[in-house]
Amino acid sequence: MTKTKGKYLTGVYPGSFDPVTKGHLHLIRRASRMVDRLIVGVAPSRRKGPLFTLQERLSMLRLDLKNLPEKGCEIEVQAFDGLLVEFAREVKATCIFRGLRAVSDFEYEFQMTGMNAKLDPAIETVFLMAADKWQFVSASFVKEISSLGGSVEEFVTPQVAEKLKKKYGKGKKKA
Ligand code: PNS
């Protein structure tokens, strides 16, 4: 199945996914309707000092994506270490998807898109506005809420909520 006449389109949705939120999953569903193959690229993001290891982030994403109802698009989760445009070229992607929430996202995204366009003008960045429901959801807030004992079930899937609890030492204890 192709989304455009005779062209098989691949897109990349990159991020740290520390951890994956329902906002990310919604964006993946929407992006997957626009391409034939979507690669969810997970960056190590060492400078951000992630809570979850790269392996944990990949596993959480893969598990959540198993339950995604979208059909007609091959969705893969891959780690990448290096330049995003190089990764996009490697997987033969023609576009990079990014989500935009508040205006505050814009400055950083604007600069990153500009730099990526300079590095490889053939790769287009496509922005999808976050849906109302997920406007304020970010992995950082989810971590903060969870670390302070708050409930994050509304923002992440149950398996991710459980892993957050464990990280913060509030996991289910055996009787
Ligand atoms: O979810 P995030 O943390 O906002 O994702 C940021 C990410 C991983 C997309 C960005 O840091 C990135 O592209 N990293 C790869 C390195 C790179 O290409 N840097 C140059 C960007 S101009």
Side-chain angles (χ1 to χ4, degrees), residues 9-32 34-35 37-65 68 73 75-131 133-147 152 154-157 159-161 163-164 167:
L9 293 178
T10 298
V12 170
Y13 177 45
S16 305
F17 303 102
D18 184 42
V20 54
T21 66
K22 288 186 184 173
H24 292 131
L25 294 174
H26 191 240
L27 210 118
I28 291 169
R29 288 183 64 180
R30 290 165 64 199
S32 75
M34 299 166 76
V35 289
R37 180 169 164 251
L38 182 67
I39 314 289
V40 181
V42 186
S45 300
R46 294 181 193 91
R47 273 196 296 177
K48 287 191 174 176
L51 174 69
F52 291 98
T53 65
L54 181 61
Q55 213 49 53
E56 287 172 324
R57 286 180 273 147
L58 290 166
S59 309
M60 283 187 281
L61 261 164
R62 286 187 180 126
L63 201 60
D64 277 351
L65 291 180
L68 217 64
C73 175
I75 307 178
E76 290 168 34
V77 179
Q78 289 187 28
F80 76 99
D81 199 354
L83 284 178
L84 173 58
V85 288
E86 268 175 25
F87 176 63
R89 273 198 297 262
E90 253 170 52
V91 296
K92 301 197 175 3
T94 48
C95 66
I96 292 167
F97 288 102
R98 289 290 288 171
L100 268 186
R101 290 164 304 188
V103 181
S104 52
D105 280 349
F106 185 79
E107 185 70 33
Y108 169 69
E109 296 295 336
F110 177 69
Q111 291 189 9
M112 190 162 77
T113 303
M115 283 310 285
N116 282 335
K118 285 213 179 298
L119 294 171
D120 192 335
I123 299 171
E124 204 61 69
T125 300
V126 177
F127 287 102
L128 298 181
M129 296 299 295
K133 201 173 172 195
W134 311 118
Q135 273 292 330
F136 304 104
V137 178
S138 74
S140 313
F141 279 139
V142 161
K143 283 181 281 190
E144 185 169 326
I145 293 166
S146 183
S147 74
V152 292
E154 199 184 328
F155 316 121
V156 296
T157 58
Q159 58 117 358
V160 175
K163 287 191 181 76
L164 277 162
K167 280 279 176 193

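When a residue number appears, it is its place in the shown sequence, counting from 1. These numbers were taken from a predicted model, which means no experiment stands behind them. Order of listing sets the numbers, starting from 1, for every ligand and every atom in it.
The two residues A31 and L38 make their nearest non-hydrogen contact at CB-CD2, 4.0 Å.
By the 30° and 60° cut-offs, the orientation of the rings of F110 relative to F106 is parallel. Between H26 and W134, the ring planes lie tilted relative to each other; the angle falls in the 30° to 60° range.
Taking every non-hydrogen atom of A43 and a distance limit under 4.0 Å, the qualifying atoms of ligand 1 come out as 8 (C). Shown in contact with K48 at under 4.0 Å from a heavy atom are these atoms of ligand 1, numbered in order with element: 2 (P), 3 (O), 4 (O). Of all the atoms in ligand 1, the ones that sit under 4.0 Å from a non-hydrogen atom of N116 are 21 (C), 22 (S). Atoms of ligand 1 lying under 4.0 Å from at least one heavy atom of L84, given by number and element, are 13 (O), 17 (C), 18 (O). Which parts of ligand 1 touch M115 is read off a 4.0 Å heavy-atom cut-off, strictly below it: atoms 22 (S). Of all atoms in ligand 1, listed by their number and element, those nearer than 4.0 Å to a heavy atom of G82 are 15 (C), 16 (C). Using a 4.0 Å cut-off to heavy atoms of G15, the atoms of ligand 1 that qualify are 1 (O), 5 (O).
The residue Y13 has no part lying near ligand 1, judged by heavy-atom distances below 4.0 Å. With a 4.0 Å cut-off on non-hydrogen atoms, F80 touches ligand 1 through its side chain and not its backbone. Neither the backbone nor the side chain of Q111 comes within 4.0 Å of ligand 1, counting heavy atoms alone.
Residue-environment remark: CE (M115) stays at or below the threshold of 12 foreign heavy atoms within 6.0 Å. Around CD of E144, the count of heavy atoms belonging to other residues, nucleotides or ligands within 6.0 Å does not exceed 12. Heavy atoms of other residues, nucleotides or ligands lying less than 6.0 angstrom from CD of Q135 number more than 12. Counted within 6.0 Å of CD on E124, heavy atoms from surrounding residues, nucleotides or ligands total 12 or fewer; the atom is thus considered open.
Counting protein heavy atoms only, atom 1 (O) of ligand 1 is closest to S16 N, 3.0 Å. With respect to atom 6 (C) of ligand 1, the closest heavy atom belonging to the protein is Y108 OH, 3.7 Å. When only non-hydrogen protein atoms are considered, atom 20 (C) of ligand 1 lies nearest to L83 CD2, 4.0 Å.
A donor-acceptor distance shorter than 3.5 angstrom exists from the side chain of R30 to the backbone of M129, with no hydrogens or angles considered.
Remark: ligand 1 and R98 share an N or O pair separated by less than 3.5 Å (distance only, no angle test).
Between R89 and D120 there is a salt bridge, with a side-chain nitrogen of the basic residue lying less than 4.0 Å from a carboxylate oxygen of the acidic one.
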